[in-house]
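For this chain, numbers begin at 1 and follow the sequence in order. The structure displayed is predicted, hence computed values, not measured ones.
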Amino acid sequence: PAERLVIYSSTDIDRIEFLIRAFQERAPGVAIDYHDLDTLDINKRVIGETDAGKPTADLALSSAMDLQIKLVNDGYSAPYYSEETETLPGWANWRNEAFGFTYEPAVIIYNRALAPELKRVDSRFELAKTLSEQSLIMRNRVVTYDPEFSGLGYLFGTQDAIQSEDFWYLARSLGDSGVQQMTSSASMINKVASGEALIAYNVLGSYALARARENPHLAITIPRDYCLVMSRIAVIAKAARNPRVAGRFVDFLLSREGQELIAGPASLYAIRTDIRGEATARKLQETAGGPLIPIHLGPGLLVYLDRMKRQAFLGRWQRAMEGR
């Protein structure tokens, strides 16, 4: 009988199918059950199913780095060690239990057909200034993540708050301009592509790049004050029924072949610096006009998952949204 690999993932299936097909060519006896879930669901399901003694994922792939670290920290992961995991940069491998396999910037995307002047919005301060100076044009036409209902949105928001005081000035400007809050990069990009919104803040660069390739009306700005870089994180579940095949899949994601697919058709930004192409860490490092700040894997990510800290951050965000 075929071996079965169960994956819970926050990556859209149309992005990852190239990797799944290529892996199955290498491992023809493996059937893959791929569950496309949001980041909060992945976390809840792995914990809930493991605690209940039920079958759960063999492998969790999620963009919410903090939630993945929490899985490891709370004992829901299994260690894995290989030549491929050893080559990762230190910030992208935590305790041989959480592995970063992409290098994706948080970017600004705008509709250059409708608002070419937004080309000059290249920092958080510039965005806040534009929202207040052009309030009539921009009102209700800006989108960003909803940090309460998006795991990745919360990660970006809290990392922004750590990096820069400009973030809260921007948050108030977003609130004043009637920002629409969404739970996925794809939905934000759809709003900008349709012209319902003119600009989106903190969109995942991988999704933005793939869409801008096929839609010339969309343009991407890498913020020059600083650019957060997120990594999708692979964690093998402690309760995995097939940890050996899960490990093989992790190795494939980190291999040269896997990383070339990540940089190419999947447009997810390769983490390996020996891969060339548009969606690569190397290209991003060459083209960014300011500092790139990779979000490091480790216990520091747990700070804002503390209940009191979470309430305080969301409370301050909510007040900014209501113009208080």
Side-chain angles (χ1 to χ4, degrees), residues 1-39 41-42 45-46 55-64 68 78 80 82-85 87-88 92 98-104 152 184-186 189 204-215 230-237 240-284:
E3 288 188 275
R4 189 163 289 282
L5 176 66
V6 179
I7 300 176
Y8 292 173
S9 171
S10 62
T11 308
D12 293 353
I13 185 70
D14 59 347
R15 281 297 141 78
I16 209 156
E17 64 183 335
F18 308 100
L19 288 149
I20 288 173
R21 286 209 192 105
F23 176 76
Q24 286 179 310
E25 280 168 24
R26 282 185 166 197
V30 177
I32 292 183
D33 280 352
Y34 189 82
H35 300 257
D36 186 350
L37 303 166
D38 71 40
T39 53
D41 275 347
I42 292 171
R45 282 177 66 164
V46 171
T56 190
D58 298 301
L59 187 61
L61 307 177
S62 173
S63 53
Q68 292 289 77
Y80 180 68
S82 72
E83 279 177 29
E84 296 291 4
T85 63
T87 60
L88 276 172
F99 310 102
F101 62 94
T102 62
Y103 189 85
E104 299 172 58
L152 181 58
S184 75
S185 281
I189 297 166
L204 255 186
S206 51
Y207 285 71
L209 181 64
R211 289 291 292 279
R213 276 175 176 170
E214 57 195 44
N215 183 343
M230 176 281 292
S231 240
R232 284 170 205 273
I233 305 299
V235 169
I236 299 172
R241 283 172 300 174
N242 211 336
R244 189 182 58 80
V245 178
R248 279 181 71 187
F249 195 83
V250 170
D251 282 345
F252 179 67
L253 289 175
L254 299 176
S255 70
R256 176 173 269 283
E257 185 190 349
Q259 289 281 303
E260 280 177 345
L261 287 169
I262 282 170
S267 287
L268 289 173
Y269 283 88
I271 194 169
R272 281 174 65 141
T273 48
D274 59 351
I275 307 289
R276 292 188 175 276
E278 203 179 357
T280 59
R282 185 174 181 160
K283 179 75 170 172
L284 193 57

Could you report the tightest heavy-atom contact between [X] and [Y], atom names first, then the distance?
X      : Y      : answer
Ile271 : Gly100 : CD1-O, 3.8 Å
Ser267 : Arg213 : OG-NH1, 2.6 Å
Ala64  : Thr39  : CB-CB, 3.6 Å
Leu254 : Phe101 : CD2-CB, 3.7 Å
Val46  : Ala60  : CG2-CB, 4.5 Å
Leu253 : Ile262 : O-CD1, 3.7 Å

Report the C-alpha distance between Glu83 and Ser255 in whole Å, list the side-chain angles of each, state the deciding distance to 0.1 Å, and finish with yes or no for side chain to side chain contact (heavy atoms under 4.5 Å, CB included). CA-CA 10 Å; Glu83 279 177 29; Ser255 70; over 6 Å; no

Worked check of side chain to side chain contact (heavy atoms under 4.5 Å, CB included) between Thr11 and Tyr34: CA-CA 10 Å; Thr11 308; Tyr34 189 82; 3.7 Å; yes

Between [Y] and [X], is there a salt bridge with N-O shorter than 4.0 Å?
X      : Y      : answer
Arg4   : Asp33  : yes
Arg21  : Glu17  : yes
Glu3   : Arg244 : yes
Arg256 : Glu84  : no

Could you label the plane-to-plane angle of the Phe23 and Phe249 rings as parallel, tilted or perpendicular, counting under 30° as parallel and over 60° as perpendicular?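 Plane angle over 60°, so perpendicular.
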
Side-chain heavy-atom pair Leu59, Val235 within 4.5 angstrom cut-off: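 In short, these two side chains do not touch, never coming nearer than 4.5 Å.
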
I want to check something: taking the side chain as every heavy atom from C-beta on, are Glu260 and Arg272 in contact at a cut-off of under 4.5 Å?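 Contact flag for Glu260/Arg272 side chains = no.
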
Would you say Asp58's side chain and Pro243's backbone share a donor-acceptor pair under 3.5 angstrom?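 No: the side chain of Asp58 does not pair with the backbone of Pro243.
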
Would you confirm whether Ser9, through its side chain, and Asp36, through its main-chain N or O, come within 3.5 Å as a donor-acceptor pair?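 Checking the backbone N and O of Asp36 against the side chain of Ser9, no donor-acceptor pair under 3.5 Å is found.
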
Examine the side chains of [X] and [Y] and answer whether a donor and an acceptor come within less than 3.5 Å of each other.
X      : Y      : result
Ser206 : Glu104 : yes
Arg45  : Thr56  : no
Asp251 : Tyr80  : yes
Arg232 : Ser62  : no

Could you tell me if Arg15 sits above the aromatic ring of Tyr207, with its cationic atom closer than 6.0 Å to the ring centre and no more than 45 degrees from the axis?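 Ring-cation test returns yes.
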
Rounded at 0.5 Å granularity, tell me how far [atom1] in [X] sits from [atom2] in [Y].
X      : Y      : atom1 : atom2 : result
Leu61  : Ile16  : CG    : CD1   : 5.5 Å
Asp274 : Arg282 : CG    : CZ    : 8.5 Å
Lys283 : Thr273 : NZ    : OG1   : 15.5 Å
Leu204 : Ser184 : CG    : OG    : 9.5 Å
Tyr103 : Gln259 : OH    : CD    : 13.0 Å
Ile233 : Ile42  : CD1   : CD1   : 12.0 Å

Could you go step by step and tell me if Asn242 and Val6 meet the side chain to side chain contact (heavy atoms under 4.5 Å, CB included) rule? CA-CA 8 Å; Asn242 211 336; Val6 179; over 6 Å; no

Using the side chain to side chain donor-acceptor pair (under 3.5 Å) rule, take Tyr269 and Thr280 through it: C-alpha gap first, then chi angles, then the decisive distance, then the call. CA-CA 4 Å; Tyr269 283 88; Thr280 59; over 6 Å; no

